[in-house]
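Remember, predicted model here, so these are calculated numbers, not experimental data.
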Amino acid sequence: MTTSPAPTMNAVRLHAFGPAENLTYETAPLPTPAPGQVRIKVAAAGVHLLDTFLRRGVQGPPTPLPQLPTIPGREVAGTIDALGPGTDPAWLGRTVVTHLGFAPGGYAEHAVADATRLHPVPDGLDPAEAVAMIGTGRTALGILQFADLGPGTTALIPAAAGGIGTLLVQHAKNTGATVIALAGGPAKTALATANGADLALDYTTPDWADTLRAHHPAGATVLFDSVGGTTARTALTLLAPGALHLVFGWSSGTPLTLTDTEQADLDARRITTHHVLGPAMLQAVGTPDPLRTLETRALTEAATGHLRPAVQRYPLSQAARAHHDLETRATTGKVVLEP
């Protein structure tokens with residue numbers, strides 16, 4: 001008696017930690033949902049900067065390094081095509097979006113997820129936009145809990161053409177705040193301007209700080225710092241007395257470290273720094289399931305048109321190029337893979 005071959009799918013797998021080229025597009029076993037799970041026919045999978053660190057074998061708290069080989073990716077949207085035992089049959093055929101948490105598997109034609117973590121994709125959002133909001137959107141809204149923006153405030157936003165930066169610019173503008181966007185290169189500053197920024201500056205030019213001082217001599221009242229390094233160090237000199245410095249990453253690859261003199265200057269100007277990711281963000285939400293609360297809020301903001309995620313799409317087969325472009329800052333908005 002012949003045995004039928006096990007069903008397969010196309011996926012992106014990582015067999016050894018290292019450069020983007022280590023991501024290989026190949027055939028992998030089709031996953032089977034466990035009890036309480038669903039299988040999603042993936043229409044869009046999010047690519048996160050954290051994915052690039054994990055690919056290189058650099059552990060970023062709180063996410064552990066995966067066991068190899070692995071299919072990366074923790075944000076997916078698509079249509080449910082199979083149910084695990086005990087899963088509500090009403091889910092079958094629905095278009096959903098979910099964050100997989102610590103369990104990877106998103107860079108594939110199919111992925112499994114716990115039914116308790118699913119969200120229906122709201123009307124008016126395509127799967128890629130929903131993916132942008134389930135991870136990047138929830139982080140942006142979590143960060144914004146710490147900033148009291150409105151008329152009379154000035155937000156300074158580096159990486160303003162990125163996934164989170166795009167949403168921060170829109171939200172700040174919606175509140176009536178003045179928005180100063182920093183981005184790398186004229187194409188990205190043009191995007192920030194189109195997105196609502198009052199002033200968009202190319203931080204790769206040597207005189208950007210002087211231009212900012214000329215336009216806003218009083219200084220910014222909130223710095224949304226996801227970049228770190230030299231850009232953040234310069235941006236701190238452009239803050240008004242009593243300003244807020246919100247730290248949620250260092251995409252430059254170098255966390256900001258201050259000398260005693262620099263710290264003394266910030267103290268004299270009453271600049272307050274908050275590191276807003278992790279427990280601080282979750283505690284600020286104040287609900288039993290803070291991540292799900294932020295996800296729901298993010299999807300609602302997009303569905304109502306208050307926030308509009310920017311998406312840069314790549315074919316699933318080009319995941320290595322997507323990683324390379326993200327690491328070299330050649331992308332805008334949220335990077336998404338589409339099978």
Side-chain angles (χ1 to χ4, degrees), residues 122 124-125 128-130 132-203 208-209 211-227 231-232 235-236 238-240 242-249 251 274 276 281 284 294-312 331-334:
L125 290 187
E129 292 170 328
M133 297 310 293
I134 202 69
T136 299
R138 82 177 186 187
T139 301
L141 289 185
I143 295 163
L144 287 165
Q145 298 175 112
F146 298 89
D148 186 16
L149 297 172
T153 62
T154 301
L156 177 55
I157 305 174
I164 290 177
T166 293
L167 299 176
L168 295 179
V169 168
Q170 291 175 11
H171 175 87
K173 194 62 182 174
N174 289 344
T175 68
T178 298
V179 180
I180 305 170
L182 303 181
K188 290 187 177 183
T189 57
L191 285 174
T193 299
N195 202 31
D198 297 285
L199 176 65
L201 300 173
D202 180 356
Y203 67 83
W208 71 265
T211 303
L212 194 156
R213 289 189 186 94
H215 282 82
H216 295 278
T221 57
V222 183
L223 168 61
F224 291 93
D225 181 11
S226 65
V227 176
T231 301
L236 284 173
L238 303 169
L239 297 182
L244 194 59
H245 174 212
L246 301 180
V247 180
F248 51 97
S251 61
H274 289 305
V276 298
M281 178 182 291
L294 290 173
E295 290 167 0
T296 301
R297 290 176 184 171
L299 290 168
T300 300
E301 287 289 289
T304 57
H306 293 155
L307 296 178
R308 304 177 309 282
V311 176
Q312 183 161 343
T331 62
T332 57
K334 175 68 176 179

Roughly how far, to the nearest 0.5 Å, is the [atom2] atom of [Y] from the [atom1] atom of [X]?
X    : Y    : atom1 : atom2 : answer
K334 : T136 : NZ    : OG1   : 3.5 Å
L212 : Y203 : CG    : OH    : 15.0 Å
E295 : T139 : CD    : OG1   : 9.5 Å

Side-chain touch L238/I180, heavy atoms, less than 4.5 angstrom: no

Note, R297 side chain near L294 side chain (heavy atom, < 4.5 Å): yes

Under the rule for side-chain hydrogen bond (donor to acceptor under 3.5 Å, both in side chains), what residues qualify as partners of [X], not counting sequence neighbours?
X    : value
K188 : none
H245 : D225, T273
T189 : none

Qualifying residues under side chain to side chain contact (heavy atoms under 4.5 Å, CB included), relative to [X], sequence neighbours excluded:
X    : value
T331 : Q312, Y314, D325, L326, V335
R308 : Q170, N195
H274 : L244, L246, T272, V276
A303 : P122

Considering non-hydrogen atoms only, spot the tightest contact between [X] and [Y] and give its length.
X    : Y    : result
M133 : A302 : CG-CB, 3.7 Å
L223 : A232 : CD2-O, 4.5 Å
F248 : F224 : CE2-C, 3.6 Å
A192 : A181 : CB-CB, 3.7 Å

Qualifying salt bridge (Lys or Arg N to Asp or Glu O under 4.0 Å) pairs, either residue in residues 150-164, two or more places apart: none

Pairs satisfying salt bridge (Lys or Arg N to Asp or Glu O under 4.0 Å), at least one member in residues 160-180, at least two apart: K173-D198

With sequence neighbours excluded, residues passing salt bridge (Lys or Arg N to Asp or Glu O under 4.0 Å) with D202: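 Result, salt bridge (Lys or Arg N to Asp or Glu O under 4.0 Å) vs D202: none returned.
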
Contacts of type salt bridge (Lys or Arg N to Asp or Glu O under 4.0 Å), residue E301, not counting sequence neighbours: none

Which pairs would a plain distance check flag for residues 146-169, meaning a side-chain donor or acceptor within less than 3.5 Å of a matching protein atom at least two apart in sequence or in another chain?
| unit_1 | atom_1 | unit_2 | atom_2 | d |
| --- | --- | --- | --- | --- |
| T153 | OG1 | G150 | N | 3.0 |
| T153 | OG1 | G150 | O | 2.6 |
| T166 | OG1 | G162 | O | 2.7 |

